[in-house]
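Read through the structure below, which is laid out as structure tokens, and then see the notes.
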2 protein chains.
Amino acid sequence: MTDRQDPGAPALPAQGALDELVGYALRRAQLRLYEDLHATLARWQMTPARFSALTVIGANPGMKATTLADVLGIARSGVVVLLNGLQGMGYVTRSAPDSDRRTVALDLTPAGRAALAEMTEAMHAHDRHVTRRLDPLERQTLLSLLARVG
Amino acid sequence: MTDRQDPGAPALPAQGALDELVGYALRRAQLRLYEDLHATLARWQMTPARFSALTVIGANPGMKATTLADVLGIARSGVVVLLNGLQGMGYVTRSAPDSDRRTVALDLTPAGRAALAEMTEAMHAHDRHVTRRLDPLERQTLLSLLARVG
DNA sequence: TATTGTTATACTCTATAACTATA
DNA sequence: TATAGTTATAGAGTATAACAATA
């Protein structure tokens, strides 16, 4: 039973088997989040990737750039771009440890720590907003189910 | 309590407040899916976007390109690229309806229908694979929770 | 020799704007 | 005038490969 479009009533077209796929549901949910996510971080001229990098560095003081690349799941060259931005904003420092002068030790500046604290609070508010139609138990269930996907 | 790295045991670094965010859990789950998704569609030289387009056209015979752009959430110029690929593979036809010769009516070829049927089955197998650690009820719960995010 | 960070480069995806043909 | 499809172009994001410094 294939429905033709009704030109008078532009209803949402059928999406076939897509609606049954978890992968598609994930993508659609993420697309719906994105606008609010960007608006939340725009105040600090941050992108999701920059915020993730800043958070991971904050939680792992002195970490290497290569480790950061592994955690974020991106190439080392991509980390350089992120770090250039974060360092340019005065949020991150790179230093060369005596133990291995090939590496850079990454740390937050006081300004970086302060900004991260503000952003984290804003991100939690953002997260509460986009999950406002879920009660606390449902939200927790969603997190634990997502952790078992893949 | 901030943990320093132990060079001997390269444990997964802490990810700070990221783990509590639904948006981050979504992104990580999607990244884990991607490898299997790409491998599944590679057999037909398809990308996720191409598969989505093919599915939507299959469910809405004769639909316009602009409507497809709206459903997929991309620009019209992006649809042209997708359609060029799908038409070049012999899966989709573009025709100019007499009712409005500015538009193109999109339809699947017999080859397109056959390929879509195979791909849809492979995609369902892929979906079952990536959700193999969820029982049927949990999988359904995940879908309905995702639909309420954003 | 191998690894780290870096640079240069290219590729993918997508958006914006201008163009054409129809309405 | 306004709209549909197309084209050209540019931007963001990310990857690969080559390089210098260090191990």
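In what follows, chains are A, B, ... by sequence order, proteins preceding strands, each numbered from 1.
- A donor-acceptor pair under 3.5 Å is formed between the side chain of B/Arg50 and the backbone N or O of B/Gln45.
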For nucleotides 4-15 of chain D, give me one character per nucleotide, 5' to 3': B if any protein heavy atom sits under 4.0 Å from the base, S if the only such contacts are to the sugar-phosphate, - if neither. BBBBB------B
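- Rounded to whole Å, atom C1' of C/dC13 lies 13 Å from atom OH of A/Tyr34.
- Whole-Å rounding puts the B/Leu68 CG to C/dT14 P distance at 13 Å.
- Here the options are A/Asn84, A/Leu86, A/Thr103, the test is side chain to side chain contact (heavy atoms under 4.5 Å, CB included), and the partner is A/Arg94; only A/Asn84 passes.
- Minimum interatomic distance between B/Val56 and A/Ala14 (heavy atoms only, all atoms of both residues): CG1-O, 4.2 Å.
- Not one N or O on the side chain of B/Thr131 forms a donor-acceptor pair closer than 3.5 Å with the backbone of B/Leu134.
- The pair A/Glu138-A/Arg133 does not meet the salt-bridge criterion, since no charged nitrogen lies less than 4.0 angstrom from a carboxylate oxygen.
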